[in-house]
Amino acid sequence: MGAAVRHVVIVGGGSAGWLVAGLIAADHRGGQPDGLQVTLLESPDIGPIGVGEGTWPTMRDSLRRIGVSETELVRRCDAAFKQGSRFVGWVDGGPQDVYHHPFVLPQGYTEANLAAAWLQRHAQLPFAELASFQPHLCLQGKAPKQASTPEFAAVSNYGYHFDAGKFGQLLQHHCTTRLGVRHVLDHMEGIRSHDNGDIAALHTRAHGELAGDLFIDCTGLASLLLGGHYGVPLLPQRQVLFNDRALAVQVPYAQPDGPIASQTLATAQAGGWVWDIGLPTRRGVGHVYSSAHTSDDEAEQALRRYIQASGGPAEIATPRRLRFEPGYRQTFWHRNCVAVGLSAGFVEPLEASALALVELSAVAISEQMPATRAAMDIVARRFNEAFTGRWERVIDFLKLHYALSRRRDSAYWRDHVQPGSMPGRLQDALTLWRHRPPSRHDLPRVDEPFPSASWQYVLFGMGFRPEPGAYGAGRDDTDAAEAAFREAATLTRRMLPALPSHRELIDHIHRHGLHRI
Ligand SMILES: Cc1cc2nc3c(=O)[nH]c(=O)nc-3n(C[C@H](O)[C@H](O)[C@H](O)COP(=O)(O)OP(=O)(O)OC[C@H]3O[C@@H](n4cnc5c(N)ncnc54)[C@H](O)[C@@H]3O)c2cc1C
């Protein structure tokens, strides 16, 4: 049988540590006599990374599950709503080069072959703008819900943009006051092992030994337990996704009560791309780039040019410099230690998948929490297999944004289309998609990170076109597809006047809050 798992020790107090702590404690009666004991150890010397401002709609489920109020999130984390991403300059760098990746599925997506009807009759229109109302809401600065819509409910599917530092503080407060998580502010200085190689306890500087049954490594890029102690290597992904540096800065609005973007704007640059995230009180702007293709100074100049061109001030604070090695661990769960967050891996923030993988990991650990040490190795094997697949899929999806680009204006874009930089999995998929659109057959796993609709939005947004006549063959549901396009247009017309502006909704929440259900 082996010993019962009673005490979970999480090392690290960044977004990953607190999300894992919250989800496990909420599911397992944290701190109750009949529940799991959950302890989070956080170094007072090392702050959280402090970036990571864009989330997916999954965050709504996570917060609801943990019991955090959406009103509190908006009020305390400078949070706003995110309805997807807008890509500028990725296809050919020309003046019309913009496409959307919304969070809402295309209208009628499961009922008709929309791609075929789009190509046959509407190919001059962008796919996302024909098949979904959401890009139009974003372009008009609309909120994804009304003031009367309850917490976490959506008229138009959404995640959040928020201040990552404040988000960690909100979760910490909630986990320690409501969910029975014990917070130990101390520095881990070493590890004591059992004879079999399991971790027995952590040495802390001031609190002595911290013993536990399961240890969750949320120590950020340092990966002190899984990478440092166990030596589980990082599988580098630099050959596929070149970006390894970022500059991040906070930019004030020219008009404090001006519109707030409800999409992450991702604007291609010569050696990377710039993210632009609208919070209620400021923008978070950053340049993520490849050090093999762009110097730090060139990257900073490009960032400054972007900020000025987008209406920001001529003078900005000195940007923070971040470095990372793109990659993920060979395994994530080893013996009685599992890594979540940056300690498990990180590849550039395009499509903001990092926190979504944290949420998926935390839910997987919590739902499969091994009752005993003997059960742990089975859970670990399954976890490793599932998350290796998820990382591979995330990498393929991000590479899709580069692999189809027709930009050839710099070595960065030329190198991105070299066959050697392309995962074979993605190459295979692109071959199949010349004859049929991405579908669930390409994505057979439970909890795929990106649904097939996301692959379609990016594939078609990036200008991919199938073999002539290919998508229409074998299925005649043009009428159903046309009805879906009309439905998207009708919804757009109805929603635009009915929804408040994004800023109006945020102001309403600050003053009155949202209903809780
Ligand atoms: C440029 C950039 C942009 C990003 N943008 C996004 C985005 O838009 N969306 C998204 O989902 N993700 C994004 N991410 C990723 C996101 O920031 C992280 O996934 C998220 O913040 C989780 O970080 P973490 O908690 O794993 O690590 P960290 O925040 O680095 O936390 C590490 C913790 O470990 C603790 N620690 C370290 N050593 C010790 C020790 N010896 N003893 C005790 N404690 C210790 C520290 O005190 C700290 O609390 C981005 C990342 C980068 C680099």
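Both counts, for ligands and for their atoms, begin at 1 and track the order of listing.
The ligand atoms of ligand 1 that sit less than 4.0 angstrom from a heavy atom of Asp186 are 43 (C).
Panel note: side chain Asp163, backbone Cys77; no donor-acceptor pair is recorded below 3.5 Å. With hydrogens and angles disregarded, a donor-acceptor distance shorter than 3.5 Å links the side chain of Arg6 to the backbone of Gly35. Using a distance-only test at 3.5 Å, with no hydrogens or angles considered, no donor-acceptor pair links the side chain of Asn336 to the main chain of Asp198.
Applying the side chain to side chain donor-acceptor pair (under 3.5 Å) test between Gln263 and each of His100, His161, Gln83 identifies His100 as the sole match.
The shortest N/O to N/O separation between Ala16 and ligand 1 falls below 3.5 Å. Remark: ligand 1 and Ser43 share an N or O pair separated by less than 3.5 Å (distance only, no angle test). Geometrically, ligand 1 and Pro48 share no nitrogen or oxygen pair separated by less than 3.5 Å. For ligand 1, one of its N or O atoms has an N or O atom of Ile49 under 3.5 Å away.
For atom 19 (O) of ligand 1, the closest non-hydrogen atom on the protein side is Ala354 CB, 3.5 Å.
Heavy atoms from other residues, nucleotides or ligands lying under 6.0 Å from NE2 of His187 number more than 12.
The shell of residues lying under 4.0 angstrom from ligand 1, judged by heavy atoms, excludes Ala164. Remark: distances from the non-hydrogen atoms of Trp18 to ligand 1 are all 4.0 Å or more.
Closest heavy-atom approach to atom 31 (O) of ligand 1 among the candidates Gly286, Gly14, Pro349: Gly14.
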